[in-house]
Each structure stands twice: as C-alpha cells, then as structure tokens.
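Notes follow the structure.
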Number of protein chains: 2
Amino acid sequence: MGVSLKDVAQRAGVSVKTVSNVVNSYPHVKPETRERVQRAIDDLGYRPNLTARHLRKGRTGIIALAVPELGNPYFADLATAVIDAASQHDHIVLLDHTAGLREKEVLVSQGFRSHIIDGLILSPIRLETEDLLARAGGPPLVLLGEREYDAPYDHIAIDNVAAARTAVRHLIELGKRRIAFLGARHESLRQPAHLRLRGWREEIRASGGVPDESLVLATDGYDRRDGAAAMTRLLDRTDPPDAVFAYNDLVALGAMRVLTERGLRIPEDIAVVGFDDIEEGQYAAVSLTTMSPDKTAIARLAVDCLVERIASGASTAAFPRRILPGCTLTVRESTIGRGRPGTGA
Amino acid sequence: MGVSLKDVAQRAGVSVKTVSNVVNSYPHVKPETRERVQRAIDDLGYRPNLTARHLRKGRTGIIALAVPELGNPYFADLATAVIDAASQHDHIVLLDHTAGLREKEVLVSQGFRSHIIDGLILSPIRLETEDLLARAGGPPLVLLGEREYDAPYDHIAIDNVAAARTAVRHLIELGKRRIAFLGARHESLRQPAHLRLRGWREEIRASGGVPDESLVLATDGYDRRDGAAAMTRLLDRTDPPDAVFAYNDLVALGAMRVLTERGLRIPEDIAVVGFDDIEEGQYAAVSLTTMSPDKTAIARLAVDCLVERIASGASTAAFPRRILPGCTLTVRESTIGRGRPGTGA
DNA sequence: CTGAAAGCGCTTACAG
DNA sequence: CTGAAAGCGCTTACAG
C-alpha cells in the first residue's frame, strides 16, 4: 500500500508513462528499460491501484449477480458457475440476494451500485416489465429464469413449457393418470411456474386427458416446507393423486418427506418428479427424478452475453436475445423405483 | 452516466464543494441552497460515482468472502448471512470460491484483489501458517473454520472438540458402543477434522471406552459422495459399527443413502450424527441429528471483527482474537427414530 | 455557510 | 521508444 506508479518511476529513473507501459505489457518498450522498471517494481512491491485504473477507464471488471436466495442449491450452483464463467473473462462477481422481493429486485435492477459494476445478471421472481422499463440507463443487464418480459434485455432461460411437458409425459408413460402440480404461486398468471404449469396442462391434454385444476397446488414459495405443506393438503383430501410434478426439487423433496412420514411408497403409490437437478436429489433415500437444466451453459451464456453488451457500451439491447439452453430428463428412483443404480454417481 | 458533481454545481449555480456537502448530508448547508442543489440533482438524474469516491477515500466498502465451495449448503448459508451482516455496515460482498485448493487459498489471502476490497473473510482448508505469514501487507483478514493458525489474524470458529464430544456423548448415551468417525482427511493431522476427531477420541475415553482407530474412515473430501464411499467401505467389513459420527452433514447424508440402499435401519441398526445443520437434514427421509453451529453469529462476528480491523487501519492484528460462537446438538430421527416430530419445522 | 484548488493513482492522446 | 500534462469524479483541508 502506498507505492504508486510515481514511486516506481522515480526509482527506475523513467516517467510514469513508461512504468504504465511495462505494467500493461505494452509491447514497444526497450528491453533494458523494461528490466530496470521491473526491478523497481519488485523492489518496491508495487501493485497497481485498481480503483484508480477503474476511474480512468470507466470500467471495473466487476459484474453483479442477484439471485433470490443462495439457500436454494440451484442458485448456489448457478452462482458457482457464474463466478467461474466470469473469471474466464477476467471479471469478478459481486453477489446479492433479493429474497424474491419485488422491492429488492427493483433496487438491484435500478443499479443502486452503478459505477461499481460493469453489468448485472438478475434472476427475478416478482419484478414486473414496467420496473424494467423504468430502469434509467443503468449498466447492461441480462435476465435469467422463467419470468418473461417485454423489455430490451437479453434473457437466458430453458424452454420451460417443453421441459414441463417432458416431465409430465414421463409420468403418463409410466401409467400415472392423476398427476398433481405442486408450486403454482398464490399470485398472478405471470409469475414463475406459469410456464411449467402450462406445460403440465398441455401434456395432459395431448395424452387425451383433461387437466384437473383441483390438483394444482398453490404455495407461498418454492422451498422444502412449501412442498411439505402442499403435499399434506393434497393427502388430506379424499382423492389423492398417483403422481406429483413439482415446480422444483426443493418442493419435491419436501413433498417426499411427507409421503415417507405417511408411509406411502414412492413411486408405487405416488411417483415424484422435480426440477433443477440439485445434488441432494441424487442422495435422497429415494433418489429424485428431475429435469436437469444445463446450469453451466446458462451461466456461460449469461456471462458471454453480458460481457458482449458491456463491450458494446449500450445500456439497453436494441435487439434483445432470447436464448434457450438445454434441459433434459434425468430418471431416478422416485419414478421407476429401485433396480437401477440410484445415485447416478 | 456522464452527469458529474460539476454538472450539478453548474446547474444549481454553486460550487462542487456545496453539492458534495448536500450529497453527503453535511449538516451545515443553508436549507434553500440544499433545496436548489437537490432539485438540480433530481433534474439531471445525478448519481455519485462511487469509484471516484473510493479512490479519494482509499476505501471501497467492498469485502471479499472466500469459501471452499458454494455447493455445500453450509457455505451457501454462511455466505447469505455474511452478505446480510455486511449490509448492516454498508458493505457489499465479493464472493469467491477456492475449491479448498491451497494454491487458490494463497492467492486469495495474498489479496490479488487488493485496492478493490477493504478486507477479506477466508475459510481455509489447506492454507498453512507460513502462507499467512508470507502475506505481504494485504488488506485486513478474518479467518473462519476449523483450521488453527499461529498468525496475527482474528479467527472465528466454534469449539470443535467440545462440539464433537457432545455429538459422541449423545450416541454413547443411546447405548451405542462402536461409533465410527467418517471424514478424517487423507492428510496431515493439522487438517480440518483434526479437532472433531480429537473430540471423538476424548469422549470415547471419557466414557471408559478405547477408541478403535479402525473405525476412523478417511475421505478425499467432505461431500455426499465421500460419505457414501466411506460408508460402503465400512459396511463391506466384517465388523460394522452401530453408529456413525460424520465430519459434516453432507458426509452423513451420503452415508445414510448407502445404509438405506443396503436395507439397514436408521437408527436401530446404525445411528447417524452429522455436523452443520443444513436444511436438507431436516427433510431427509430419516431426519438427521446434527451439531448446529450458530451461523448467523459466525457471520456477524466475522463481519464485525473485520469492519473494526478495517477502521483501525492496520493490516495485521497486534492482538489477534479467537472467538467461539455457540454450537448446539439438534436431535432428530437419525438417532432417536420416528416418534417425535421429525422435520423440526 | 460556501468557494477555489489540490490531489487520490491511474491512462491516454499528444509531442518529440 | 519515451516524456510532460491533462483528466477520470470525487473529497478535503484551507480560506474567507
């Protein structure tokens, strides 16, 4: 601390410009000058002050990632992947969580940390299109997740309708007919789960069935406790389902805990499919069949998009992209029972 | 972007100093001046450039948190708590993961991001004392976790020996006599798990038993797969244990998966105790008894310590503190069976 | 209560 | 190939 370019320049007997050239490996520096400067740098233990560099260049090399909560392993995995992808581009990651609160999501999206971050990756739950449109020239933004917006920003998300149909089809092919949907939120149709719920309806119709809306269970959130509560309500009724498609793995795992407590067999009595493919599902007592989004691809695409937008210098995207990473079905014991290796390890 | 103090000053017809005073809510500003400036700020949509402020003040308000991996829910929870604690002090958090690699831990501890961060909270796995001593005047540092160092830095960690003894005593009180320890690392005695292993030995001796070192199972890491692999090795022997104390919950959950696959009953055949109290354990088919460190306290203490050290301006701590947050036993089905409510929810 | 000026540590045209 | 100087946008003694 305290050693500046000027100190190095003085010691090496050159101007700060020359030192700067060496530090930034500018090619046209006379070898002996470079060596002299390098020695001064080493002697003094000089390290460039990045803040100053940032101020000058107008970029910080920091991108922010805002997710609802790190406590959901899906988002922890995603954050890990984003950190790694960002480091490929020499960027570091400032992490924040919104708890899925619209107020916090708005705050983050408005870039209350502008000037510190070059760009933002946001996975919103309750944010509305109008909030995005009101965003006054903040840093470039890339959106993640199931919510859809009519706003000038890139959006990375799997095809939720198609993925949900795949999950439900799997259950139908196993002979299940009363398939519940766990995790529709107590809110408007534009909330998350909307698309997965639509997939549920479409696939049931496609198989010649009629969606039973009483099998759609609303929840407060998407945690284990929400899954457990919804499953309890479902089982307390007279006509239980023979399968459950959950909004995500946490909801599915909460539901499975209740099934186990009640002594019901998975999948014989009730089969379960989740969504996200968190590792916990592999090691559950009955391992969990789930839809596996390609998290690495999602993170990489998000960071690539963002870095590109940052380079372009525009706050909004004139031609916003909609990118669909892959999502595949991973079959485990919760739908086909023991018999094949369960952990997938 | 592009609106500076100067622009606001011009529009309001005052000097930049006055605008700065208003922005920083300096008390002695004539009300009508303040109002005029505020109007200019609003009209222009001015937002202070934090990078410039940082350069000037020499502080950024950013602290870094480096954990082995976010994929372990314990660290995800800890990160969440650190972010919240930091925001209490108006600091934001740069997150990094080390994968428990010494090289990466050294890099982080040497502050390769110095000048961007005001301080660092590091949870090391393989870092050595010499690495810390070689640290050349980086930003203030607070250490977390089971590793112990003889270095001038504050250290926040529960009393691992005492906590392990509590866990083992619980098993002994339930009548268990052959208690295995899962998760000693294939490395030196100074590695993590050392203290918990010592607690295991001490408590067995205290109960009048003799620690059976063949029941100490080494693992490569502390993940579910490590627990599953170790449990498999243990069961393939002729003399299985009647209880397992795992280094952490992930190892315990991996072990439980294997027990379930083999058709063994938990806790009747083999009881299991973990460490960390991650939510997953509450919702496992057999809910997991575990040691519950006070993560919120750990995060708060770490941030408080760090902020204090930052304020003091010293890179190292003349009188490093050793702080011991609480850690309590949480009893669930994996030791006492079904019969009481299991999820603890 | 407010202004003019220096300076935080860099990078970058502009000269030479 | 290298130097002198301006400027990124703030804050802070120093005056008045």
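In what follows, chains carry the letters A, B, and so on, assigned in the order in which the sequence lines appear, proteins first and then strands, with residues in each chain numbered from 1.
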Taking only Lys NZ, Arg NE, NH1 and NH2, and the carboxylate oxygens of Asp or Glu, determine whether B:R39 and B:E35 approach each other closer than 4.0 Å.
yes
D:dT2 pairs with, by Watson-Crick or G-U criteria that keep both distances under 3.5 Å:
C:dA15
Enclosure of B:N24 CG (heavy-atom neighbours >12, cutoff 6.0 Å)
yes
For a quick check of understanding: with a heavy-atom distance under 4.0 Å over all strands, which category does B:V14 fall into, base, sugar-phosphate or nothing?
sugar-phosphate
Map B:L55 and B:V29 onto DNA chain C by nearest heavy atom, then report which one ends up closer to the 5' terminus.
B:V29
In whole Å, what is the span from the CD atom of A:E35 to the P atom of D:dT2?
13 Å
Does B:N49 have a side-chain nitrogen or oxygen under 4.0 Å from the phosphate oxygens OP1 or OP2 of D:dC8?
no
Which one, C:dA5, D:dT2, C:dC10, comes nearest to the side chain of A:L5?
C:dC10
Indicate whether OP1 or OP2 belonging to C:dT12 is found under 4.0 Å from a side-chain N or O atom of A:S20.
no
Counting just side-chain N and O atoms, does B:T33 come under 4.0 Å of either OP1 or OP2 of C:dT2?
yes
For a side chain to side chain contact (heavy atoms under 4.5 Å, CB included) with A:D154, tell me which candidate from A:R321, A:E308, A:R322 qualifies.
A:R321
Cut-off 3.5 Å, side chains only: do A:D84 and A:Q88 have a donor facing an acceptor?
no
Examine C:dA4: is either OP1 or OP2 under 4.0 Å from a nitrogen or oxygen in the side chain of B:S15? Give yes or no.
no
Whole-Å distance between D:dC8 P and A:I116 CD1?
20 Å
Please report, rounded to the nearest Å, how far the C1' atom of D:dG3 is from the NZ atom of A:K30.
14 Å
Rounded distance in Å - NE2 (A:H54) to C1' (C:dT11)
13 Å
Starting at the 5' end of DNA chain C, which residue's closest nucleotide do you reach first, B:R36 or A:T51?
B:R36
In this structure, how many angstroms lie between the C1' atom of D:dC10 and the CG atom of B:L50, rounded?
10 Å
Can you tell me which nucleotide in D:dC10, D:dT2, C:dT2 comes closest to the side chain of A:T18?
D:dT2
Could you give me the CA-CA distance, side-chain angles and deciding distance for A:K104 and A:E69, then say whether salt bridge (charged side-chain N to carboxylate O under 4.0 Å, His left out) is met?
CA-CA 12 Å; A:K104 189 74 196 290; A:E69 46 170 5; over 6 Å; no
Tell me the interatomic distance from B:K17, atom NZ, to C:dC1, atom P, rounded to whole angstroms.
12 Å
May I have the distance from B:N24 (atom CG) to D:dG9 (atom P), rounded to whole angstrom?
17 Å
C:dC1 C1' sits how many Å from B:Y26 OH, rounded?
8 Å
Please determine whether a side-chain nitrogen or oxygen atom of B:S4 lies at a distance below 4.0 Å from atom OP1 or OP2 of D:dC8.
no
